[in-house]
There are 2 protein chains.
Amino acid sequence: MLAAALRILDEQGLPDLTMRHLATTLGVQPSALYWHFPNKQALLAAVSDQIIASARPADTATGDWRDRVRHEAAALHDALLAYKDGAEVVSSTLALGLGADGLAHRLARAISGGGFDQQTTGLAAETMVLFLVGHAFHQQQRLQADSLGAVAGAHSLDRDDPAGPPSGPQAFDLGITLLVAGLDTQSRMARPA
Amino acid sequence: MLAAALRILDEQGLPDLTMRHLATTLGVQPSALYWHFPNKQALLAAVSDQIIASARPADTATGDWRDRVRHEAAALHDALLAYKDGAEVVSSTLALGLGADGLAHRLARAISGGGFDQQTTGLAAETMVLFLVGHAFHQQQRLQADSLGAVAGAHSLDRDDPAGPPSGPQAFDLGITLLVAGLDTQSRMARPA
DNA sequence: ACCTGAACACCGTTCAAGT
DNA sequence: ACCTGAACACCGTTCAAGT
């Protein structure tokens with residue numbers, strides 16, 4: 001039934017992931033779902049955890065902590081983009097404070113390779129989570145708008161007008177780089193080698 | 001009517017800001033609202049812009065660009081927190097790509113004081129916007145959960161357990177500091193003084 | 001343990017028609 | 001220009017009752 005929810009999400013999108021639609025798919029009454037999940041948010045939290053868990057694991061052996069952090073962030077970012085509306089689902093779950101903790105934990109583990117104290121590590125991880133999810137959400141929304149608005153727009157390929165910033169993978173990389181560089185500075189200030 | 005929408009938002013919260021409820025408040029049929037706004041998202045976008053515009057303007061005279069950026073970020077952050085569910089409304093508008101551009105513009109103006117090229121400025125502003133809004137949303141959600149869950153929790157004051165990171169103003173400051181420090185590094189790499 | 005049936009209390013949006 | 005009335009096509013959730 002979690003699997004069915006993920007299928008609806010990926011094939012039809014979040015607006016169609018309703019309790020009633022899911023019930024129909026399962027050949028069951030809507031009320032039956034409430035034996036398995038207390039409410040819809042709990043369902044979405046479970047879906048979110050599934051999406052995050054699907055992110056390819058970090059190659060823990062290679063590179064210094066900076067690369068590990070960058071790779072882990074990229075892997076999680078990709079996982080959110082892999083499911084239709086994946087970023088939005090995770091974003092809502094995260095904001096409501098239910099689940100989706102895997103995101104912060106995985107980033108924190110990578111960051112802790114830099115030898116920061118626990119508090120800095122946690123704060124930095126949280127900062128990166130918010131940027132990562134926000135960016136994925138934003139990007140996913142634009143991709144969908146483009147694919148639907150190919151009618152009206154007629155400029156589907158000349159996005160990234162020079163007035164606004166480009167917002168694809170390049171923007172994501174810069175954000176992560178900024179944060180990693182900032183962390184690096186912090187570490188030098190704390191224990192100036 | 002925008003004013004009425006803002007009042008409902010601030011006094012009752014986003015879940016109660018429905019077209020039907022707003023119409024009742026105005027003594028009008030729900031369908032009447034559709035003469036003024038094409039749909040609910042457009043209404044929420046207008047509300048978002050109002051919230052952002054209410055942020056105290058930056059003191060453009062004092063400090064270097066780093067301080068200006070920090071102050072501007074803090075002012076915008078505070079504005080989102082000033083209205084009940086303000087962060088959530090702005091977050092959704094932002095994600096859908098309607099309005100809320102004031103956020104990025106104001107930050108970009110402050111950042112541009114650092115003399116970065118337009119692309120870096122825009123990307124950095126976007127990064128900060130995502131962090132800023134995500135953090136405000138997260139924080140607002142927790143405050144509300146605390147004020148409602150004072151019943152079940154009984155630990156309303158000993159939040160910030162040492163396992164997780166603290167997530168109040170302190171966390172916000174660190175995130176912004178990290179980003180500013182990262183930007184600083186970028187500028188030294190581009191034109192090593 | 002797991003599900004049905006039926007209801008409750010809502011939503012956003014459209015559209016002809018009125019003034 | 002601005003609004004009404006009435007409908008369309010939905011929601012999430014509860015709860016007694018069934019098996």
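In what follows, chains carry the letters A, B, and so on, assigned in the order in which the sequence lines appear, proteins first and then strands, with residues in each chain numbered from 1. Being a predicted model, the structure only gives us computed values, none of them experimental.
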Exercise. Which whole number of Å gives the distance between the C1' atom of D:dC10 and that of C:dA9?
Worked result: 14 Å
Exercise. Taking all non-hydrogen atoms of both residues, which atom of A:Ile52 and which atom of A:Arg106 are closest, and how far apart?
Worked result: O-NH1, 3.7 Å
For this session: Determine: side-chain N/O of B:Gln29 to OP1/OP2 of D:dC3, distance under 4.0 Å, yes or no.
Result: no
Exercise. To the nearest angstrom, how far is B:Trp35 atom CH2 from C:dA16 atom P?
Worked result: 19 Å
Problem set entry | Contact nearer the 5' end of DNA chain D, comparing A:Met19 with B:Gly27 | B:Gly27
Problem set entry | Pairing string, 5' to 3', for DNA chain C - Watson-Crick or wobble contacts under 3.5 Å, brackets [ ] where pairs cross, | to another strand | ||.|||||...|||||.||
Problem set entry | Interatomic distance, B:Leu44 CG vs C:dG12 C1' [rounded to whole Å] | 12 Å
Exercise. Nearest-Å distance, NE2 (A:His21) to P (D:dC11)?
Worked result: 9 Å
For this session: Would you please classify the geometry between the B:Phe172 ring and the B:His77 ring as parallel, tilted or perpendicular, with 30° and 60° separating the classes?
Result: parallel
Exercise. Of all heavy-atom pairs between B:Leu98 and B:Gln41, which one has the smallest distance, and what is that distance?
Worked result: CD1-CB, 3.9 Å
Problem set entry | Protein-nucleotide distance (B:Arg20, atom CZ; D:dC10, atom P), rounded to Å | 15 Å
For this session: Would you mind reading off the distance between A:Leu33 atom CG and D:dC15 atom C1', rounded to a whole angstrom?
Result: 15 Å
For this session: Find the distance between NE2 (B:His135) and CG (B:Leu80) and round it off to the nearest 0.5 Å.
Result: 11.5 Å
Exercise. For the pair made of OH in B:Tyr34 and P in D:dG5, what is the distance, rounded to whole Å?
Worked result: 18 Å
Exercise. How close do A:Leu179 and A:Met128 get, heavy atom to heavy atom, and via which atoms?
Worked result: CD1-CG, 3.4 Å
Exercise. Given the P atoms of D:dA17 and C:dC2, what is the spacing between them in whole Å?
Worked result: 22 Å
For this session: Verify the contact: side-chain N or O of A:His36 to OP1 or OP2 of C:dA1, cut-off strictly under 4.0 Å; return yes or no.
Result: no
Exercise. When clusters are formed by joining ILVMFWY residues with side-chain heavy atoms under 4.5 Å apart, either directly or through shared neighbours, do B:Ile176 and A:Leu183 land in the same one?
Worked result: yes
For this session: Using whole Å, report how far CZ of A:Phe37 lies from P of D:dG12.
Result: 14 Å
For this session: Grab the two heavy atoms, one from B:His21 and one from B:Asp16, that are nearest each other, plus how far apart they are.
Result: ND1-O, 3.2 Å
Problem set entry | Donor/acceptor link under 3.5 angstrom from B:Ser31 side chain onto base of D:dG5 | yes
Problem set entry | Interatomic distance, B:Leu17 CG vs C:dG12 C1' [rounded to whole Å] | 13 Å
